[in-house]
Protein chains: 2
Amino acid sequence: MSRGSDAEREFLEAYEPRDYPSIAVTVDLVVLAVAQGVLHAALVRRGGHPFKGMLALPGGFVAPRESAGDAAARELAEETGLDLGGLPAHIEQLASYSDPDRDPRMRVVSVAHLVLLASDGGALPGLSAGTDAASAAWHPVHAVLESPMAFDHATILRDGLERLAGKMEYTTVAAHLLPAEFTMTQLRSVYEAVWDTQLPAGNFTRKMLPHLAATGRKTQPAVGAPAALFTAEQRHIHPPLSRRRTGPAG
Amino acid sequence: MSRGSDAEREFLEAYEPRDYPSIAVTVDLVVLAVAQGVLHAALVRRGGHPFKGMLALPGGFVAPRESAGDAAARELAEETGLDLGGLPAHIEQLASYSDPDRDPRMRVVSVAHLVLLASDGGALPGLSAGTDAASAAWHPVHAVLESPMAFDHATILRDGLERLAGKMEYTTVAAHLLPAEFTMTQLRSVYEAVWDTQLPAGNFTRKMLPHLAATGRKTQPAVGAPAALFTAEQRHIHPPLSRRRTGPAG
DNA sequence: TAAATAGTGTCTGTAAGACAGTATAAA
DNA sequence: TTTATACTGTCTTACAGACACTATTTA
């Protein structure tokens with residue numbers, strides 16, 4: 001509590017003590033970025049029991065005076081060295097996980113968040129060790145989902161991946177995995193990395209073009225034709241892109 | 001805690017007391033049903049402060065040994081007299097709301113759930129007063145959103161409505177607002193009620209037919225031709241329905 | 001001019017939107 | 001036969017999918 005005595009009295013009148021069990025509230029972060037055409041997740045390796053040595057999502061407790069969204073941004077900075085304030089990043093609430101036995105140590109309800117970090121497709125954003133003992137490192141998502149993870153974090157990661165893959169069908173959210181200005185080919189590469197498929201370039205351009213804004217600038221590639229640079233306009237794509245594989249038959 | 005002493009010791013070693021503030025976890029329910037072509041929400045009127053006399057979502061605390069989903073089903077029964085066990089109902093997690101000041105009495109994180117109740121379109125499911133003082137009653141959603149609600153419940157209700165409206169574009173979730181067997185016209189009426197629009201019957205049938213299973217049975221209406229009865233196959237509709245108004249120009 | 005990548009044009013098939021027409025019942 | 005509702009057919013247009021072709025750069 002630690003609020004005014006009026007509120008305190010009102011509270012005590014309204015609820016029986018047994019009604020408000022102490023439940024710890026945490027955030028777990030699904031932090032994603034693309035490099036070399038492969039989707040990666042920032043994961044920590046657990047140093048202590050339970051699930052010692054296994055991979056887990058970064059995360060931590062929600063403080064008394066912050067929202068889950070604020071806690072997510074803070075934990076992202078603490079556990080990965082990344083600061084949402086200075087980065088082109090996208091954060092959104094994913095879902096909450098509340099199975100009573102999801103953490104064997106205590107009752108924990110976790111509000112999972114999805115974080116998309118921009119990268120130019122070559123190198124992943126740098127993760128520096130934070131104040132926490134375990135520091136985060138990048139792992140290829142589709143590979144890491146083959147093995148078990150700590151707690152219910154494999155489920156959360158899968159849900160986060162599915163949220164991203166689904167939302168990319170009908171929004172330009174994928175642009176958050178790229179710098180502010182990007183080429184059509186870069187954007188298509190993000191789609192191919194997340195959907196784990198190939199998309200025909202011509203039709204992708206035709207479908208996506210109305211939802212992007214041309215900057216007028218072009219890239220200066222080492223080889224090949226220069227590509228136009230776009231910025232994303234956050235809007236609905238209707239009808240959505242099709243996720244199923246297309247391209248040459250065979 | 002109230003767990004084994006091993007777990008307790010491990011817990012005490014792992015966390016500083018200040019790290020796990022006591023935060024109450026609740027569920028808030030967006031309970032929806034359709035009657036007379038209008039979407040209704042089951043709401044309670046607050047009997048005490050704060051927000052005395054205003055409309056609020058039904059809900060309550062998550063118990064120490066239940067998940068948020070279990071709590072949602074239990075609270076639905078307690079506050080509305082409805083029992084998920086004996087009803088064709090659909091429940092899914094919506095989102096969590098964690099602003100530190102969302103409840104002036106104490107720190108409360110709420111995991112909102114969306115509940116869809118079946119009705120034949122004529123009468124709404126009966127709501128009987130439960131053990132709680134305030135009992136729920138049905139209110140037209142689009143009208144009730146004009147006035148303020150208690151806490152952040154207007155936001156939650158709006159989010160729930162938007163979730164339903166969006167999901168109806170690309171799934172057969174709307175069928176959960178109807179009995180197990182329903183006619184194409186009934187299903188179209190649900191779409192029109194939630195989207196607050198008119199849809200052309202012929203094209204709606206053509207688009208929806210592949211996603212429904214014909215039972216072979218027909219209705220016996222007082223007037224007009226008998227209509228075929230369908231059951232829904234839960235599947236993705238791709239490409240999705242268009243929510244924008246169509247039909248005769250003007 | 002060859003290689004590599006970016007971008008455009010176009011053909012075809014499918015399906016949405018519009019709406020007229022037919023079918024099946026009760027009064 | 002009229003009324004009311006359910007359902008089907010069809011015409012037009014839009015656009016996705018497939019894929020060939022052109023454009024722009026470096027070597």
Side-chain angles (χ1 to χ4, degrees), chain A residues 37 120-122 168-170 178 181-192 195 197-230 236-250, chain B residues 37 120-122 168-170 178 181-192 195 197-230 236-250:
Chain A
D120 62 9
M168 278 166 51
E169 291 181 1
Y170 60 93
L178 291 171
E181 299 190 359
F182 51 86
T183 67
M184 195 61 83
T185 300
Q186 283 182 300
L187 184 59
R188 182 166 45 82
S189 298
V190 168
Y191 273 84
E192 291 175 337
W195 288 351
T197 185
Q198 299 276 109
L199 298 170
N203 295 339
F204 182 86
T205 298
R206 175 151 45 85
K207 178 83 188 188
M208 194 60 78
L209 206 51
H211 307 108
L212 303 179
T215 63
R217 282 181 286 280
K218 283 177 175 287
T219 55
Q220 297 281 97
V223 63
L229 286 165
F230 299 91
H236 256 59
I237 300 171
H238 187 91
L241 298 165
S242 176
R243 203 151 127 194
R244 66 174 183 273
R245 189 188 184 289
T246 60
Chain B
D120 62 7
M168 278 167 54
E169 291 181 1
Y170 61 93
L178 292 171
E181 298 189 0
F182 52 86
T183 68
M184 196 61 84
T185 300
Q186 283 183 301
L187 184 59
R188 182 165 45 81
S189 297
V190 168
Y191 274 84
E192 292 175 336
W195 288 351
T197 185
Q198 299 276 109
L199 298 170
N203 296 338
F204 182 86
T205 298
R206 175 151 46 86
K207 177 83 187 189
M208 195 61 77
L209 207 51
H211 307 109
L212 303 178
T215 63
R217 282 181 286 280
K218 283 175 175 289
T219 55
Q220 296 282 97
V223 63
L229 286 165
F230 299 91
H236 256 60
I237 299 170
H238 188 91
L241 298 165
S242 177
R243 204 150 123 195
R244 64 174 185 273
R245 189 186 183 288
T246 59

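Naming convention: chains lettered A, B, ... in sequence-line order (proteins, then strands); numbering from 1 in each chain.
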Review point. Are side-chain heavy atoms of B:Y170 and B:L241 found at a separation under 4.5 Å?
Key: no

Exercise for review: Calculate the interatomic distance between A:Q198 atom CD and D:dC19 atom P; express it in whole Å.
Suggested key: 15 Å

Review point. A:A225 has a side chain; which of D:dT5, C:dG7, C:dT5 sits nearest to it?
Key: C:dT5

Review point. Can you tell if the side chain of A:T183 reaches within under 4.5 Å of the side chain of A:L178, non-hydrogen atoms only?
Key: no

Check your understanding: For A:M208 and D:dC15, what is the distance between atoms CE and P respectively, to the nearest whole Å?
Key -> 16 Å

Study note, to complete from the structure: Taken to the nearest whole Å, NZ/B:K207 to P/D:dT8 is 18 Å

Review point. Please give, in whole Å, the distance from D:dT13 C1' to B:N203 CG?
Key: 13 Å

Exercise for review: Would you mind reading off the distance between B:R206 atom CZ and D:dC7 atom C1', rounded to a whole angstrom?
Suggested key: 13 Å

Practice item. To the nearest 0.5 angstrom, please state how far the CD atom of A:E181 sits from the CD atom of A:Q186. Key: 10.5 Å

Point to revise | Candidates D:dT24, D:dA6, C:dA4 - which lies nearest the side chain of A:V223 | key: C:dA4

Check your understanding: Nearest-Å distance, CZ (A:F204) to C1' (D:dG17)?
Key -> 15 Å

Study note, to complete from the structure: Between CD of B:Q186 and P of D:dC7 the distance, given in whole Å, is 11 Å

Exercise for review: Remember a base hit wins even if backbone is also touched, and classify A:A228 as base, sugar-phosphate or nothing at under 4.0 Å, heavy atoms.
Suggested key: sugar-phosphate

Check your understanding: Between A:K218 (NZ) and C:dA6 (P), how many Å, whole number?
Key -> 11 Å

Exercise for review: Between B:G202 and A:A222, just flag the one whose closest nucleotide in DNA chain D comes earlier from the 5' side.
Suggested key: B:G202

Check your understanding: Any donor-acceptor pair under 3.5 Å linking the side chain of A:T197 with the backbone of A:E192?
Key -> no

Point to revise | Sugar-phosphate, base or nothing in reach of B:T185, heavy atoms under 4.0 Å | key: sugar-phosphate

Point to revise | Comparing A:M184 and B:P239 on DNA chain C - which has the more 5′ nearest nucleotide | key: A:M184

Check your understanding: Using the ring of each side chain (for Trp, its six-membered ring), is B:F204 parallel, tilted or perpendicular to B:Y191, with breaks at 30° and 60°?
Key -> perpendicular

